[in-house]
Structure formats: C-alpha cells, structure tokens
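Only one structure is covered here, and it is reproduced in the block below.
By convention in this document, chain letters (A, B, ...) are assigned in the order of the sequence lines, proteins followed by strands, and residues within each chain are numbered from 1.
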There are 2 protein chains.
Amino acid sequence: MVTINDIAKLSGVSRTTVSRVLNNSGYVSEKAKQRVVEVINETGYVPSEQAKSLRTKKSKVIGVILPKISTETSSRVVDGIDRELSNHGYHILLANANLDTDKEIEHFKLLQSRRVDGIILVATNIEERLIQTIKDVNVPVVALGQDVPGVSSVLYDDYHAAFDVTSLFIKRGHKRIGFIGVDETDRAVGYERKKAYFDAMEKARLNVDPAWVQKGVFDIESGEKAMLSMLADSTQAPTAIFAVTDRLAIGAMQALKKKGIKIPEEMSVMGIGASDLSKYVTPSLSTVDYYNEKAGTETAKLMIEHIKNITEMTRKLSMSYGLIIRDSLL
Amino acid sequence: MVTINDIAKLSGVSRTTVSRVLNNSGYVSEKAKQRVVEVINETGYVPSEQAKSLRTKKSKVIGVILPKISTETSSRVVDGIDRELSNHGYHILLANANLDTDKEIEHFKLLQSRRVDGIILVATNIEERLIQTIKDVNVPVVALGQDVPGVSSVLYDDYHAAFDVTSLFIKRGHKRIGFIGVDETDRAVGYERKKAYFDAMEKARLNVDPAWVQKGVFDIESGEKAMLSMLADSTQAPTAIFAVTDRLAIGAMQALKKKGIKIPEEMSVMGIGASDLSKYVTPSLSTVDYYNEKAGTETAKLMIEHIKNITEMTRKLSMSYGLIIRDSLL
DNA sequence: ACACGTTATGGAATCGATTACACATTATTT
DNA sequence: AAATAATGTGTAATCGATTCCATAACGTGT
C-alpha cells in the first residue's frame, strides 16, 4: 500500500506539502503541486481515511442500527438516510439488531469502538437499559420511529394516522370495527395505534367487543391467525378491520378469502405502511403512507445538524402521513 | 474520549500491559489484570478500532456495493452477508451505486480509502472500466449475481433456471410462449435468461413470433407495458408468459387483468425471484426461488476465505434454485 | 537599505493503539 | 548451587495521516 511518505519521496517534497496538496490548504507552489498530483496519479495513491480520522477525530461514518435488515421499511429508510448522508461525504456502517435488545446494546459499543461520528437508531422497543446505553454513548444519537427520552427523534404520527383510519371507517358507516395490533411494548406501533383506535371508537360512541381486538407479530401468518380468532371469538363479526401494519392486514385478507368472506362487500380492511404488497394484492389494500424514505432523509439531516452543532438541544420531528384509499374499503 | 494511556496511568501500569489485558496476549499477572479491568469498567473505556486498524492493517470492515438499496433482493442479500460476516467480527460499510456505473467505480475508491478488508460487489452491468477498477483495487473482491472475469463470483444459475421455466410451460402443453426480458447489457438477467428461453423453444421445435419477445426495465409498470405491446403486436397471442423477474411478471398480470384475460385459464404466467409479492398477488405467481439470503451468506464466506488466504485462486460458485409452482400456471 | 507581509517548505509532535525487544524476577531442572 | 526456563513489565518504534511552528526567499512600501 502506497502511503503519503512514498508520495513525498517520489515527488521530492515533504509529506507536509503532500498533505497540503491533498487538502488544498496552505501555500503550495504551482510546480510542487503539479509534481505531487502527477506522482499520485502514477501510483494510484489513495489516502488512508483511517489515519486521517485518528488525527482529526472525525470518521465521516454514521452507524445505523436496524431492528431487522430485510424488511421493506428498513430498506426504504436506509435508502433515505444514505441519500442524505452521501451528499455530505458520510458513509453508513450497518448494524443489525435482529429484534434483540441485547444485540442493540452491543452494537452501540461496537459502533463506538469504530469511532463513528453518530448513531442512528431505527427503534422498536425502548427499554431502560437501552436509554442508559444511549446516555453513556458520547456521540450524537438520533432515533427514528420511536420517541426515545432525551434523544432527538424523528417520529411517525402513529396516533393521528390510526385515529384517521378508524374515523374513516366510521365516516363510511361502519359500526363494528375490528383491530389487529401488536404487543404494546412497541410504544409506537403497539400502544399509540391501539389507543387511537379506542379513542376514535369512543368518540363516535361505538362499542368495542373485546373479541374484535386481536394481536399479532408483524408477519402475514399472524395476521391470518388473528383474523381467524376474531371470527371465531366474536358473536357478531365486525364489518371492518384495522390492522396496524400492511402485513397483518394482508394476513387478515388471506383468512377472509379462505373463509369465503368478500372484501370489501362483507368486510373492509385497512393497514398502515404503504408496502408494495398493498398495491398489488387483490383487492388492493387501503393503507397509510408513512413516507419512510423521507423519514430516513430527515433523520440524516437531523444527525448532520447535531454533528455540526447547529442543533444543540434534543429535537422531536413529527412526520406527516397520507391515506391511500384503494379497493379493500367500502 | 478516554484512551489506553489514561487506563495505563489510572491503573499504574504501562500501556503495553493494558494492551495485553485487552487482547489476552502475553504474560500479565493476575493482580495487574484485575486492576486494569477495574479501571476499564469504571471509565467505560472502549478501545479505538481505528488506531488498532492503523497498526494492524486490518479494519474488520467489508464494503458492500449495491446497485440499489431498497429492493427486496438487495435487502435479502445484505441480510445474508451480514449474518455471516458478523459471526467473524466484520461490519458492513454500505455503498449505494444507484444503478450508476460511475458511482460504482467511485465507491471502489472510497471504500479503499476507508481501508476495508474486502469489497463485495452486488453486480448488474459489467463494463470494461469496472473490470479495470477491480483489477487496480488491492483488496479481495467478490461479485454476486454476475460472472466478473478474474473475480471470485457467486452466481445464480440463470441459464438453467430460465430453461426450466420455459420447459415447464412446454411440458404442460404450451406451444406459444411469450417472453418479457430486460436489456442484454445485464448479462445474467438480460442475456442468459433470454438465451435459455430461445434454446428451450428451439429444442422443442417451437416457433417464436418476434412480437412475443418484449423488453422492460425491472419495474412493474414496464412489465405492464411490455405485455400490452405483446398483445397488440402479435397476430396470435401466446398462451403463456415468461417474465425474467417477478415484478415484470406482476406487471404483465396487471395488463392481462385489465384486458379481461383470465390467468391461468387463458394465459399462464411465471416470473423469477420468489418475491413476497409473488405469493400474495391473485392468482399467486409461479416463480423461481433464488435463495438470495443464502447467496449472500455464501458470498460472505467466500470473502472470508479470500481474506484468510484459504482460497488463493478466483472461484466461481453456482447457486442452486427452486421452482415454486403456484396458481398462475395451467 | 530596512522592515514587514506574503509565499513556500519542512521538521517534529500528535492521534491511539500494537509489538519487537530488553530486562528483571521467580520457578524449575540438573 | 548454578544453569535454564517461565513469567511479568516497560521502553520505544511504528502505522499514515494532520498541523503547529520555525525558517527562508522574495517583493514592496517607506
């Protein structure tokens, strides 16, 4: 590997001068500069960011901790993050927590040891241990998707989105509305969306049969199971189903199809996420677009502001959302 | 930031001893060790991988260049890569080429400057410039998805997969089979799969109406367009459609639905990719599973072998595939 | 002719780790 | 008891860059 010293020797100057050429700083004569550039091109020298980082204490790398790599949401978010970061010369160091809080915490340590300039946490469940870990970290942390106390966060408006979905059903005349949620330890998806559903129902003075409220775990199969339980448990079936994610909604649709229940004639369905899937299932699924890519970009922007110390305080940014009305809705 | 020197001072030993404790190497008395560990825990010291890398010339980071981040294939592949790499203490530095060869080449330079231990290229089009760049790079490179000359590659068996799909149609009695491909500059997806289609047709002595052969660009919309062109251009429509990707196939299905052509009664459809989408469209799409995650894992394994110099020569690894027969097929 | 600002260059310290080597001290073998 | 081996620790060089500081040559205003 050719180093700055080699370039210095070959071009007959000191490594200080080479560094000046590299960074376009200080005084360098036109002649020296040309000679150095020449040698650099001949040798194919690429300066070591590592050595540079060690000295300057800036790595130009941002760690991104994901709950799971291969989900549509993750990949959209990462796309958005990268789009913004690469504009500022930053790279992404990936860390997959795989839905395991221990790993999440471990990744904070690992990313610190790599001296990343900041850490973006795409969050799910927020435990006390995690919050403590974040406090101990000495680089800026920005969270996406969950409101982490004391940490700048980019948030989806889960409450209002879920409220709007439920209200939409109500406005269309539905009185019996079922709900498929996830565990409430997930504050955003589990707790907030559920609360909004209940609030909307209560506001419209609509009754909620406990059997209409079911729980799944983020995949299609569990949505199917939840739907079947709902049909089995309730004396009177709902006429509409609000599932907190598209995959749960599509699972519910699978169950309904198998039961011969017509969508949307006998049952309306809505999800959240605007997944690719939602557009191409039959009937196409009404859903909520969370603009994940935009959310990623905003998170990255916030991170850069923190790094540049433009923003000192912790900020909370609420994303907007958009309802997408398709055929699954009567 | 607390450094190894601080730890040394606080525990009253030299930094050599601290390093020994850190790496569990050489001789250290039990007493000294305990003292050092104690101080480390008190201070929350995290060793700098950067400084370590500079000295040891190993960064334990692998650069991954993706053609596009937010695709199902990419995220599955990255998942597989990470699964294997993290087992060996490696991290992934992400680089998004966004379907731009210039960027791809630029990323090679950038990753080199970060002194990654290896580069995994998830490839699409292979240009001469790219091959030259790879040659100039001085770290191991492994390609995934395309056969890059002189570079170890993990390959999908595009030819046989496509041949099998076409043959399956033929075996089921189809005589007029349409093809929706992509540009042949993509050797694997564009060229190989097309060649296999023609070879299978020829082997069965079946005629191919030029209008049956259409081209799209990796998205659903273009699949739809290609299908409409095929119907418009051909005097006699095919009874089966082989699209080289699931998204193209689903686009074709959309077109057929709009035209009121029944799948599979009037037209059978197959794709390649085993996307989530393929399972939940109606009718469910028959396709080929390329086991992307496994491919990612294998690529990572190959990379590690190269880094450890277990494998000196360039190797070509061909992945297996599996046909998934679903409702879109008569 | 003197002082001073501008331009050009290099020496040497520094960032935070690893590691070769030297030097004690203690334990074991003969 | 002397020779040898095992154990424990520190000094200093090193990795590849940046950057502070010193020094020198040169022009120019007075």
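- For residues 29-37 of chain B, proximity to DNA chain D is found at B:Ser29, B:Ala32, defined as any non-hydrogen atom under 4.0 angstrom from a strand atom.
- Among residues at least two apart or in separate chains, there is no ring-ring contact (aromatic ring centres under 6.0 Å, His included) pair with a member in residues 1-50 of chain B.
- Nucleotide C:dT14 holds its C1' atom 16 Å from the NZ atom of A:Lys52, rounded to whole Å.
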Under the side chain to side chain donor-acceptor pair (under 3.5 Å) criterion, do A:Ser19 and A:Thr16 qualify, and how do the steps go? CA-CA 5 Å; A:Ser19 176; A:Thr16 308; over 6 Å; no
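- B:Glu49 has no carboxylate O lying under 4.0 Å from a charged side-chain N of A:Arg115, or vice versa, which leaves the two without a salt bridge.
- Put simply, the side chain of A:Ser75 never gets that close to the backbone of B:Ile69: no donor and acceptor are under 3.5 Å apart.
- Taking atom CG of B:Asn24 as the reference point, atom P of C:dT18 lies 12 Å away to the nearest angstrom.
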Please report, to 0.1 Å, the donor-acceptor pairs under 3.5 Å made by any side chain of residues 121-129 of chain B, with sequence neighbours excluded.
from, atom 1, to, atom 2, distance (Å)
B:Asn125, ND2, B:Thr185, OG1, 3.4
B:Glu127, OE1, B:Arg129, NE, 3.3
B:Glu127, OE1, B:Arg129, NH2, 3.1
B:Glu127, OE2, B:Thr101, OG1, 3.1
B:Arg129, NH1, B:Asp102, OD1, 2.8
B:Arg129, NH2, B:Asp102, OD1, 3.3

Check step by step if salt bridge (Lys or Arg N to Asp or Glu O under 4.0 Å) holds for B:Glu72 and B:Arg76. CA-CA 6 Å; B:Glu72 219 176 320; B:Arg76 285 180 183 173; 2.9 Å; yes
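- Across B:Lys316 and B:Ser153, no two heavy atoms sit closer than the pair NZ-OG, 3.2 Å.
- The two atoms that bring B:Ala8 and B:Ser14 nearest to each other are CB-C, 3.8 Å, heavy atoms only.
- At a threshold of 4.5 Å between non-hydrogen side-chain atoms, the residues A:Ile4 and A:Val18 count as touching.
- Under a 3.5 Å cut-off, the side chain of A:Lys301 and the backbone N or O of A:Ile81 do not form any donor-acceptor pair.
- Within the 4.5 Å cutoff, side-chain heavy atoms of A:Val37 are placed close to those of A:Val21.
- Aromatic ring pairs are classed by plane angle as parallel below 30°, tilted from 30° to 60° and perpendicular above 60°; the pair B:Tyr290 and B:Tyr156 is parallel.
- Atom CZ in A:Arg55 sits about 16 Å away from atom P in C:dA12, given to the nearest Å.
- Extent of DNA chain D lying under 4.0 Å from chain B heavy atoms, first and last nucleotide in 5' to 3' order, is D:dA6 to D:dG16.
- Closest approach of B:His88 and B:Lys308 over heavy atoms only: CD2-NZ, 4.1 Å.
- Direction change of the helix axis from one end of the helix from C:dA1-D:dT30 to C:dT30-D:dA1 to the other is 40°, with five pairs defining each end axis (rounded to 10°).
- If you measure from atom CG of A:Leu54 to atom P of C:dT18, you get 12 Å, rounded to the nearest angstrom.
- The stretch residues 6-23 of chain A touches DNA chain D through A:Arg15, A:Thr16, A:Ser19, A:Asn23, each having a heavy atom under 4.0 angstrom from the strand.
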